[in-house]
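None of these values were measured; they are calculated from a predicted model. Hydrogens, waters and symmetry mates play no part in the numbers below; they use all other heavy atoms, side chains included.
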Amino acid sequence: MNEEGVNPTLELPEELFHFVTTLIPCANVDLFITDSRHRLLLTWRDDRFYGRGWHIPGGCLRIQETFENRIQETARREIGTEVIYNPDSFITREAIVVKERPWLKNQLERSHNISMLFDCRLPKMFRIKNNVANEHTVGFMKWFDSMPGDLLEVHRSLYGDLIQNFFEGKLTWKM
């Protein structure tokens, strides 16, 4: 595809990305970022595929990209810093959206994800610096010590049990 001006190792043009994700599942890397106070960092999302709500930061794996690169690129893009993570400490889940999304022309678009949730920590000196004042603005970051009621439905179905187990002290990672 390089001859056509598309480099598959970088972000695909949006239209092409949406077309591809109607044909094959999308491999996601999600960041389960916690701190020493037993809190979970979530960010606000609002998009046409999954709606409005708190979500676990994540990104789609590109062709020939390592987990390390996708984890750090996602952290830089969504949090503003790199993270510390254990490459052997992750959980894989599958999400298939079956709920009707009448606002989409093609119901298969972004409807099947294979998600790998990695245990992550932030550098000790990191402090949240939200560039927006309203917590319901895309990209706003916030620490939680319990599951928010407005967690994105896709993340509630994908990771709700893990998040609840984390807050109850039943989920322990080997960092």
Side-chain angles (χ1 to χ4, degrees), residues 10-14 17-18 21 26-62 65-87 89-91 93 95 97 99 101 103-104 109-110 113 115-169 171-173 175:
L10 302 174
E11 283 191 24
L12 295 175
E14 188 172 358
F17 174 73
H18 293 162
T21 61
C26 187
N28 295 323
V29 169
D30 292 328
L31 312 181
F32 199 82
I33 302 171
T34 60
D35 70 2
S36 61
R37 294 173 56 191
H38 206 71
R39 299 180 300 174
L40 176 65
L41 184 66
L42 300 174
T43 61
W44 189 259
R45 182 172 180 163
D46 183 359
D47 69 38
R48 68 186 187 125
F49 300 105
Y50 303 112
R52 295 172 39 99
W54 294 104
H55 87 111
I56 293 173
C60 298
L61 199 60
R62 275 96 169 135
E65 182 178 42
T66 64
F67 287 140
E68 163 76 20
N69 189 73
R70 179 53 24 211
I71 288 167
Q72 298 304 351
E73 182 61 30
T74 296
R76 283 188 297 272
R77 188 179 275 181
E78 294 201 31
I79 308 302
T81 186
E82 291 191 353
V83 294
I84 302 155
Y85 77 101
N86 180 343
S89 186
F90 67 94
I91 296 168
R93 295 279 172 98
V97 177
K99 180 183 173 187
R101 299 174 291 173
W103 54 89
L104 292 178
E109 214 171 315
R110 305 275 324 258
N113 296 285
S115 298
M116 289 143 287
L117 182 69
F118 284 85
D119 177 31
C120 300
R121 303 290 181 282
L122 293 168
K124 290 194 184 293
M125 300 308 289
F126 178 82
R127 300 291 176 261
I128 291 176
K129 295 177 189 148
N130 285 308
N131 295 328
V132 292
N134 184 334
E135 76 173 35
H136 292 108
T137 302
V138 172
F140 191 90
M141 295 178 274
K142 183 176 175 182
W143 288 106
F144 287 85
D145 56 13
S146 63
M147 188 164 350
D150 50 358
L151 182 70
L152 285 182
E153 184 179 321
V154 68
H155 278 180
R156 186 175 300 282
S157 64
L158 201 70
Y159 301 129
D161 61 326
L162 297 173
I163 295 169
Q164 194 59 46
N165 285 340
F166 170 74
F167 288 129
E168 293 173 3
L171 175 66
T172 55
W173 298 91
M175 179 64 87

Would you give the length of the straight line joining atom [atom1] of [X] to atom [atom2] of [Y], rounded to the nearest 0.5 angstrom?
| X | Y | atom1 | atom2 | answer |
| --- | --- | --- | --- | --- |
| N28 | N113 | CG | CG | 4.5 Å |
| R127 | L122 | CZ | CG | 10.0 Å |
| C120 | I84 | SG | CD1 | 9.5 Å |
| L42 | E135 | CG | CD | 11.0 Å |
| Y85 | E68 | OH | CD | 3.5 Å |
| D161 | I163 | CG | CD1 | 8.5 Å |

Next on the checklist: For a quick check under 3.5 Å, do N86 and D119 share a side-chain donor-acceptor pair by atom type?
Outcome noted: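 Note: N86 and D119 side chains miss the donor-acceptor criterion.
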Item to check | E65 and N69: side chain donor to acceptor below 3.5 Å | outcome: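 Short answer, yes.
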Hey, are the side chains of [X] and [Y] touching, using non-hydrogen atoms and a 4.5 Å cut-off?
| X | Y | answer |
| --- | --- | --- |
| L31 | V29 | yes |
| Y159 | R93 | yes |
| F67 | M116 | yes |
| D30 | T74 | no |

Mind listing the closest non-hydrogen atom pair of [X] and [Y] along with its distance?
| X | Y | result |
| --- | --- | --- |
| A95 | L158 | CB-CD1, 3.3 Å |
| L152 | G53 | CD2-N, 3.5 Å |
| R156 | P148 | NH2-O, 2.9 Å |
| I79 | P57 | CD1-CG, 3.8 Å |
| G58 | E78 | O-OE2, 2.7 Å |

Keeping the roles fixed (side chain from [X], backbone from [Y]), state whether a donor-acceptor pair exists under 3.5 Å.
| X | Y | answer |
| --- | --- | --- |
| R52 | V138 | no |
| R62 | C60 | yes |
| N130 | M141 | yes |
| H155 | I56 | yes |
| S157 | V154 | yes |
| Q72 | V83 | yes |

Next on the checklist: Does R121 form a side-chain contact (heavy atoms from CB on, under 4.5 Å) with I33? I'd like the steps, not just the answer.
Outcome noted: CA-CA 5 Å; R121 303 290 181 282; I33 302 171; over 6 Å; no
Checklist entry - Can you name the one residue among F118, F166, F90 that meets ring-ring contact (aromatic ring centres under 6.0 Å, His included) with F32? => result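 For F32, the ring-ring contact (aromatic ring centres under 6.0 Å, His included) check succeeds only for F166.
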Next on the checklist: I'd like to know if E73 and R76 make a salt bridge, using a cut-off of under 4.0 Å between side-chain N and carboxylate O.
Outcome noted: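 A salt bridge is present here (some side-chain N lies under 4.0 Å from a carboxylate O).
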Checklist entry - ring-ring contact (aromatic ring centres under 6.0 Å, His included) with F144: which residues, sequence neighbours excluded? => result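 Expected list: W54.
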Checklist entry - For R37, which residues count as a side-chain contact (heavy atoms from CB on, under 4.5 Å) partner, sequence neighbours excluded? => result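 Partners of R37 by the side-chain contact (heavy atoms from CB on, under 4.5 Å) criterion, ordered by chain and then number, come out as D35, R39.
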Checklist entry - Which pairs with one or both residues in residues 123-142 pass ring-ring contact (aromatic ring centres under 6.0 Å, His included), sequence neighbours excluded? => result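 Listed once each, the pairs are W44-H136.
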